[in-house]
Each structure stands twice: as structure tokens, then as C-alpha cells.
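What you see is a predicted model; the values in this text were computed from it and never measured. Just so we're on the same page: letters track the sequence lines, and every chain starts at 1.
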2 protein chains.
Amino acid sequence: MAAEDRRQQILEVAVQLFSQKGFRGTTTKEIAMAAGVNEAIIFRHFATKSELYTAIMDRKACSDEVQAMQSALKEAMDAGDDRQVFERLAFHMLEFHEHDDTAMRLLLYSALEGHELAEMIFRNHISKTHRQLAEYVKRRVADGAFRRIDPVVAVRGFIGMIINQVMYKKFFERCGGQPLNLTNRQAAERFADLFLASMTNHSYDHQRIRRKH
Amino acid sequence: MAAEDRRQQILEVAVQLFSQKGFRGTTTKEIAMAAGVNEAIIFRHFATKSELYTAIMDRKACSDEVQAMQSALKEAMDAGDDRQVFERLAFHMLEFHEHDDTAMRLLLYSALEGHELAEMIFRNHISKTHRQLAEYVKRRVADGAFRRIDPVVAVRGFIGMIINQVMYKKFFERCGGQPLNLTNRQAAERFADLFLASMTNHSYDHQRIRRKH
DNA sequence: TGCAAGTAAGTATGCGCTTACTTACCACAC
DNA sequence: GTGTGGTAAGTAAGCGCATACTTACTTGCA
């Protein structure tokens, strides 16, 4: 097999294993066996185990699903369609993490283990969406469409609802947590509803909000 | 040192180490050294490393801070004071995880590693609060104080906002994420505001919500 | 003096990584 | 076509060290 093909194949199985068992919990021998080669081959393509781990980032960079979300989001933002912006974001996040549970696990594992991969994933994928969304909220506040709420608070709140739902489904629904019997489409609708209701509720506790700013 | 004292001391240092480096990443020798005893002592008090890990649960059960939150929450619920219920919950969660970062790390590590400790933490601490809160929301919907929203969606959304803020501060603010320069008290206020506004907004997209139920 | 608390020094296994070696491929003179 | 030499893909075996856990022994207090 050609060098580049082998390299990609090793990365592919490494993503699976690292995401399931973490950096420390995955052995180079295991990766080699899953790739069907001798362990020494791993070290011909990657100087160290850690280099192999960080090389995962490049593969994750250009996922189709992520790009689809980015463009769907941009389209809705340009149109100024609040409902579409938040519903699409929620839907894509729910779908993405349902189909691919490697990303979330890799992020959590490397954040806990203090590996630089966590920072790379955060910088390259998450922080950009956060900033874009905060910009959008800020603009809509300026438009008078949203209440005067700190955009960072709003974004963190909304993303939090969705991510929590993802993690709940992934890790805790089997532990006796209350199940949410909704499709991702329905869940996205509900959370977007919840969020937009709070952003546009000019009657609730109005003085208090005003006074803060 | 008496057996029980030694046992407790070992557990204490084990909590710190396991939460920092996970089950796989922590060695029994390391725990022994941190406790200032020979490695063999560990195995006199706990049959296996795994038994030591799950024994952590007992220590975590009766934390003062958790009990304070439970009673503060109950008091506010009995009084039917919506703002207090959600603001206090948010504040206590933020404070708890700021002062003690072992709980969150242990939960995440063991959820990822598939250890039963995750299920124990979830069952004993998290799921109870979720259910209580969902009950409260359900009651307030029946009162006509809240919109007719699925209580599980509402609770998961609110807890999600708070937990996301905790994790963001813990892991990602150093990675170039936008900082939220608020005290825990202020953040709790903002998130509770956000949530309550959405629960009481009878004017926004009313038909749509109605139609769903 | 008896017994629990504590230790030094193991064992078998598995880890990341290296070394010494063998095979497969492929352009090119003849 | 056919030998030939250089290069890269691949392997078996093993190095030094760390792991979870054990055993045989020593201390100190009721």
C-alpha cells in the first residue's frame, strides 16, 4: 500500500480507538492491529504516539456535515431569519453528534487529559460558531428584534441547551434519566422556541433587564 | 494510623488523582505515594484498583454544598418563587463546580471510560434534581404561571445553560473562547432571567406552541 | 506477647519505541 | 523480455521501563 494511503488508513482507525478509549487508554499496538499492520509501521508514519493523536485534527477539519451546517447557518443569518438560524444550528448539532460520536468524545477526552488536541478542536470548530452567533445576536439586538441581552450569555445559553441534550442522550439516558422522545427535528424546534421566546419577551421583568444595562 | 482513618485518607487522595488523570491514567503507586504509604497498603484496604474507584462514591454522597443546594431549592419550590428556584439552582451549581472541580471531572472521565461510577454519580446526584425540577415546572404549567412547555425540555435546557457555562469556564476560556466577565451571582441571574422570560412569554409564536400540544 | 499496621522486594504482564532484517516494486541497461 | 540495483513497505523480536497486584518479612502498640 502506498505511503499516503496507509497514513490515512492509520489515522482512520486511530480516530475510532482514541475516541473510544482516550489517548492514554489506546495502545499503539492496538492501532496497528486494527489497521492490519505491524506496530513499527505506525512509527514510520508518525514520529510519536502524540504526533499521531494531533494529526487527527487534519482529518476532522473538512467534514462535510460541519461545512453543511456552516453554510446553512450563514444563509439563515444573511436572511435575518431568527427561527431558521437557531433551529438549523440546533438540528445540525444534534444530527452531527448522533451520527458521529467520535468528535464529542475526542474533545472531552483531550480536554480532561490536558492534550493540545482539545484546544485545536475548540479553536478550529467551536469558537468560530460561537463568535458568529454572538455577532448575529448583537446585530438583532441593535435591530430591536431581540431584548438587550449580553450576546455571549445568550449564545452560551443556547449552545448549552443543545450540547446538554447531546450529552444526555449519549451518556445518561441509559442511567435512568428521563428520556426525551423527540426526533432531532422536533427537539431543535423546541429548543429554538424556548430560546427565541426568551429573546423576544419584552414584557417579562422589563425594568430589571433595563436597569442592568 | 487506625485502619478506618487510613482508608479515608487513601480515598481522599484517590479522588484528587482520579479526577485529574482518570481511572486508567492514575497508578496505584502514585496514590500510595500521595498518601505517604507503601503501595501494598492500598491493596490491604481495597481488593482492587476498581473497588477503590467506586468507593469514591460514598465520600461524595454527603457533601455539605450539595445538601445546602437541595434545601435551598426545596425552600424556594415550596414557596413557589420561580425566580428563586432557578437563580438559586444556577448559583449553587456554578459555585459548587468552581470550588470543587473533582466532581465534574470524575463524572466525565468515568462516563467516557464506561465505568459504573458514572452511573452511580448520575443516579445519586443528578437525576434526582432533574426530576424535582421537572415536577416543579409541570406544577407551574398547571398553575398557568408557565407556558405549556414539555417540562423535560425546559429542565434539560436550563441545566444545559448552566453546565455549559461551567464547562466553558473550566476547559475552554483559556483557548480563546469569549470570556464572560460576571460573578457567579450575576451569571445565575442572567441565565435565570433568560429561562424565565422564555417560560412566561405567552405572546411569542403562540399558535405554534399550542398546535404542538 | 499477639496482632494489626506497615514495608521491601518481588512477579507477570504490557507499554512506547527501536533495531536488524526481509520482501515487493520499478526504472533502466542489455 | 530479462537480469540488476536502489528504495520503500513491511516484519519479528526485543529493549527499558511502568503497571496492578503479591509475598515474606518487620515494626509498634494494647
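Taking every side-chain heavy atom of B:Ile41 into account, C:dT7 is the closest of D:dT19, C:dT7, D:dT11. With C:dC17, C:dT7, D:dG10 as the choices, the nucleotide that has an atom nearest any side-chain atom of A:Arg44 turns out to be D:dG10. Among D:dT23, C:dG16, D:dT11, the nucleotide with an atom closest to any side-chain atom of B:Ala40 is D:dT23. Taking only side-chain atoms of A:Thr48, from C-beta outward, the nucleotide of D:dT22, C:dC17, C:dG16 with the closest atom is C:dC17. Residue B:Thr27 has its side chain nearest to D:dT19 when only D:dT22, C:dG16, D:dT19 are considered. In the set C:dT7, C:dG16, D:dC21, C:dG16 carries the atom at the smallest distance from any side-chain atom of A:Thr28.
Taking atom CZ on A:Arg7 and atom C1' on D:dG10, their separation rounds to 18 Å, with Å as the unit. B:Phe43 places its CZ atom 13 Å from the C1' atom of C:dT11, with the value rounded to the nearest Å. Rounded to an integer number of Å, the gap from A:Arg24 CZ to D:dA18 P is 15 Å. Atom CG in A:Asp5 sits roughly 16 Å away from atom C1' in D:dG10 (whole-Å rounding). C:dG14 atom C1' lies 12 Å from atom NZ of A:Lys49, rounded to whole Å. Nucleotide C:dC21 holds its P atom 20 Å from the CD atom of A:Glu39, rounded to whole Å. Residue B:Glu51 contributes atom CD, which lies 10 Å from atom P of D:dC21 at whole-angstrom precision. The nearest whole Å value for the distance from the CE atom in B:Met33 to the C1' atom in C:dA8 is 15 Å.
When the options A:Arg88, A:Arg140, A:Arg139 are evaluated for a salt bridge (Lys or Arg N to Asp or Glu O under 4.0 Å) with A:Asp82, the one that passes is A:Arg140.
Under 3.5 Å, the side chains of A:His115 and A:Ser50 contain a donor-acceptor pair of N or O atoms. Counting only N and O atoms by type, the side chains of A:Gln8 and A:Glu12 include no donor and acceptor under 3.5 Å apart.
Nearer the 5' end of DNA chain C, as judged by each residue's closest nucleotide, is the contact made by B:Gly36, out of A:Glu30 and B:Gly36. Both B:Ser50 and A:His45 sit near DNA chain D, but only A:His45 has its closest nucleotide nearer the 5' end. Judged by closest nucleotide on DNA chain D, A:Asn38 is the one of A:Asn38 and A:Lys29 placed further toward the 5' end.
Relative ring orientation between B:Phe86 and B:Phe195 is described as tilted, the plane-to-plane angle lying within the 30° to 60° band.
Taking side-chain N and O atoms only, A:Arg6 has a distance below 4.0 Å to OP1 or OP2 of D:dG10.
Enclosure of atom NZ in B:Lys170 by more than 12 non-hydrogen atoms of other residues, nucleotides or ligands within 6.0 angstrom is indicated.
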